[in-house]
Amino acid sequence: MSVLLVIPARYASSRYPGKPLVPLTGATGVAQSLIERSWRAAMEVSGIDRVVVATDDDRISAASEAFGAEVVMTSEACGNGTERCAEAHAKLGGTYDIVVNLQGDAPLTPAWFIEGLVDGLRAAPEAEIATPVLRCDGATLNGFLEDRKAGRVGGTTAVFGAQNEGLYFSKEVIPYTNTTYPDDAETPVFHHVGVYAYRPDALAAYSDWSVGPLETLEGLEQLRFLENGRKVLCVEVDARGRQFWELNNPADVPRIEAMMAQMGLE
């Protein structure tokens, strides 16, 4: 099965304008932009036939081409990364069996998260979309709760049923627990990792659906699939000691840089 990996990136982020071009300094003191680090993470994934950056911005396009990425220019009308992936896939001929969306704000995504996601979708023919979930340890959960108390939108959490079908995704911390967990303890909360794998029919249909009330309230694109009765497979992945965090706010830059330093990531 052929696999296309798309990194959607836009300049005009409401929470953090210009985010894809923000420099992140690694353990060796070398600074690379967020979009470059996301592209380099994508290039480490095995089993991918093609990697492209999809953007509507000339600055992101120029920066991406400068570090060697293939770029697909997409419309400014794309409302989110899934719509941008759908347009990019169509522009490339629409012939890939699986399309992966590695959002351009997740430079710490390990290759095995994406490899496990693609394997999970291949093994579940009834699923049309798959996305990884990572069980939170106490430190991650406490970070989420700290963000919410400070009024920041932090990571997204996921709840799913016995067959790993997604029930809901939220920027609030769900499910509720009143337990305080040590930093290294397992918790019942799952961090939704901002990566998706789509079958092409589901991806093509997505842009034709209206934005529903849940997607509007949460600002989470995957809820459009749930609101239209499509099955979203949640694939649990193992961090293997790696820390994971997405860049959502300016406050996340030092947090991610500290993680890269601790893990020795260049």
Q.
Tell me every residue that passes side chain to side chain donor-acceptor pair (under 3.5 Å) with Thr74, counting only those two or more places apart in sequence or in another chain.
A. Arg84
Q: Give, for atom CD of Glu215 and atom CD of Glu227, the distance between the pair rounded to the nearest 0.5 Å.
A: 7.0 Å
**Q.** Contacts of Met1 that satisfy side-chain contact (heavy atoms from CB on, under 4.5 Å) - sequence neighbours left out
**A.** Asp97, Ile98, Arg122, Arg199
Q. Looking at Asn228 and Arg224, what are the two nearest heavy atoms and their distance?
A. ND2-O, 2.8 Å
Q. Can any side-chain N or O of Lys171 pair as donor or acceptor with the backbone N or O of Leu220 at less than 3.5 Å?
A. no
Q. Which pairs with one or both residues in residues 159-168 pass side-chain hydrogen bond (donor to acceptor under 3.5 Å, both in side chains), sequence neighbours excluded?
A. Tyr168-Glu218
Q: Ignoring hydrogens and angles, tell me if any N or O in the side chain of Arg37 forms a donor-acceptor pair with the backbone of Leu24 under 3.5 Å.
A: yes
Q) Side chains of Leu226 and Leu223: does their closest heavy-atom pair fall under 4.5 Å? A) yes
Q: Under the salt bridge (charged side-chain N to carboxylate O under 4.0 Å, His left out) rule, what do Glu44 and Arg40 come out as? Steps first, then yes or no, please.
A: CA-CA 7 Å; Glu44 294 179 1; Arg40 293 190 182 281; over 6 Å; no
Q: May I ask you to check whether over 12 heavy atoms, not counting those of Glu266, lie within 6.0 Å of atom CD?
A: no
Q.
Would a single hydrophobic cluster contain both Val53 and Val72, if residues Ile, Leu, Val, Met, Phe, Trp and Tyr are joined by side-chain heavy-atom contacts under 4.5 Å?
A. no
(Q) Suppose we screen for side-chain contact (heavy atoms from CB on, under 4.5 Å). Which residues come up paired with Pro182, at least two apart in sequence or across chains? (A) Asp184, Ala185
Q. Are any of the side-chain heavy atoms of His89 and Val6 separated by less than 4.5 Å?
A. no
Q.
Measuring from atom CG of Leu117 to atom CD of Glu236, what distance do you get when rounded to the nearest 0.5 angstrom?
A. 13.5 Å
Q. In terms of side-chain geometry, is the basic nitrogen of Asp252 or Lys19 positioned less than 4.0 Å from the acidic oxygen of its partner?
A. no
Q.
Using the rule given for side chain to side chain contact (heavy atoms under 4.5 Å, CB included), can you reason through Thr55 versus Met73, listing the C-alpha separation, both sets of side-chain angles and the distance that settles it, and then say yes or no?
A. CA-CA 5 Å; Thr55 187; Met73 295 303 294; 4.0 Å; yes
Q.
Which heavy atom of Ala42 sits nearest to which heavy atom of Ile7, and what is that distance?
A. CB-CD1, 4.0 Å
Q: Indicate yes or no: at least one non-hydrogen side-chain atom of Phe225 is less than 4.5 angstrom from one of Tyr196.
A: no
Q) Can you list every pair that meets ring-ring contact (aromatic ring centres under 6.0 Å, His included) and has a residue in residues 61-87, with sequence neighbours left out? A) Trp39-Phe67
(Q) Check whether Tyr206 reaches the backbone of Glu221 with its side chain - one donor and one acceptor, N or O, closer than 3.5 Å. (A) yes
Q.
Give me the atom names and distance for the closest heavy-atom approach of Pro20 to Ser33.
A. O-CB, 3.7 Å
Q) With hydrophobic residues grouped by side-chain heavy-atom distances under 4.5 Å, do Val211 and Leu217 end up in a single group? A) no
Q. Should Leu108 and Leu265 count as side-chain neighbours, where that means a heavy-atom distance under 4.5 Å?
A. yes
Q: Only pairs at least two apart or in different chains count here, so list each ring-ring contact (aromatic ring centres under 6.0 Å, His included) that has a residue in residues 134-164.
A: Phe144-His191, Phe144-Trp245, Phe160-Phe190
Q: Working to the nearest 0.5 Å, report the span between CD1 of Ile256 and CG of Leu34.
A: 7.0 Å
Q. Is there a path from Val99 to Trp209 through hydrophobic residues (I, L, V, M, F, W, Y) whose side chains come within less than 4.5 Å of each other?
A. yes
Q.
Please say yes or no: joined through hydrophobic side-chain contacts below 4.5 Å, possibly via intermediate residues, are Leu4 and Val118 part of one cluster?
A. no
(Q) So for atom CD, which belongs to Glu76, do other residues, nucleotides or ligands contribute more than 12 heavy atoms lying within a distance under 6.0 Å? (A) no
Q. Taking the hydrophobic residues Ile, Leu, Val, Met, Phe, Trp and Tyr, and joining any pair whose side-chain heavy atoms are under 4.5 Å apart, which ones share a cluster with Tyr176?
A. none
Q) With sequence neighbours excluded, what pairs up with Arg148 under the side chain to side chain donor-acceptor pair (under 3.5 Å) test? A) Glu172
Q: May I ask you to decide if Ser75's main-chain N or O and Glu87's side chain share a donor-acceptor pair within less than 3.5 Å?
A: yes
Q) Between Asn80 and Thr82, what is the shortest heavy-atom contact and its length? A) OD1-N, 3.1 Å
Q: Mind jotting down which residue pairs meet the ring-ring contact (aromatic ring centres under 6.0 Å, His included) criterion with at least one end in residues 246-266? Sequence neighbours excluded, please.
A: none
Q. Can you check whether Tyr96 reaches Leu203 side chain to side chain, under 4.5 Å on heavy atoms?
A. no
Q | Pairwise distance OG1(Thr180) to CG(Asn142) - rounded to 0.5 angstrom | A | 7.5 Å
Q. What about Phe244 and Val253, same hydrophobic cluster or not, with Ile/Leu/Val/Met/Phe/Trp/Tyr joined at side-chain heavy-atom distances under 4.5 Å?
A. yes
Q) Which heavy atom of Gly120 sits nearest a heavy atom of Val235, and at what distance? A) CA-CG2, 4.4 Å
Q) Does the side chain of Phe113 reach to within under 4.5 Å of the side chain of Arg242, using non-hydrogen atoms? A) no
**Q.** Least distance between heavy atoms, Ala86 atom then Ser207 atom
**A.** CB-OG, 4.0 Å
Q) What's the spacing between Asn248 CG and Tyr16 OH if we round to 0.5 Å? A) 11.0 Å
Q.
If I take atom OG1 from residue Thr25 and atom CD from residue Glu257, how far apart are they, to the nearest 0.5 angstrom?
A. 4.5 Å
**Q.** Val232 and Phe169, any side-chain heavy atoms less than 4.5 Å apart
**A.** yes
Q. Are the side chain of Glu83 and the backbone N or O of Gly79 linked by a donor-acceptor pair below 3.5 Å?
A. yes
Q: Would you please name every residue forming a side chain to side chain donor-acceptor pair (under 3.5 Å) with Thr177, sequence neighbours left out?
A: Tyr181
Q) Is the backbone N or O of Gly81 less than 3.5 Å from a side-chain atom of Gln103, with the two atoms forming a donor-acceptor pair by type? A) no
Please list, one pair per line, the donor and acceptor atoms closer than 3.5 Å that link side chains of residues 131-138 to other protein atoms, with sequence neighbours excluded.
| unit_1 | atom_1 | unit_2 | atom_2 | d |
| --- | --- | --- | --- | --- |
| Thr131 | OG1 | His192 | NE2 | 2.6 |
| Thr131 | OG1 | Val195 | O | 2.7 |
| Arg135 | NH1 | Thr187 | O | 2.9 |
| Asp137 | OD1 | Ala139 | N | 3.3 |
| Asp137 | OD1 | Thr140 | N | 2.8 |
| Asp137 | OD1 | Thr140 | OG1 | 2.9 |

Q) What pairs meet the side-chain hydrogen bond (donor to acceptor under 3.5 Å, both in side chains) rule with one or both residues in residues 59-69, with sequence neighbours excluded? A) Asp57-Arg59
Q | Side chain proximity check, Ser2 to Thr95, heavy atoms < 4.5 angstrom | A | no
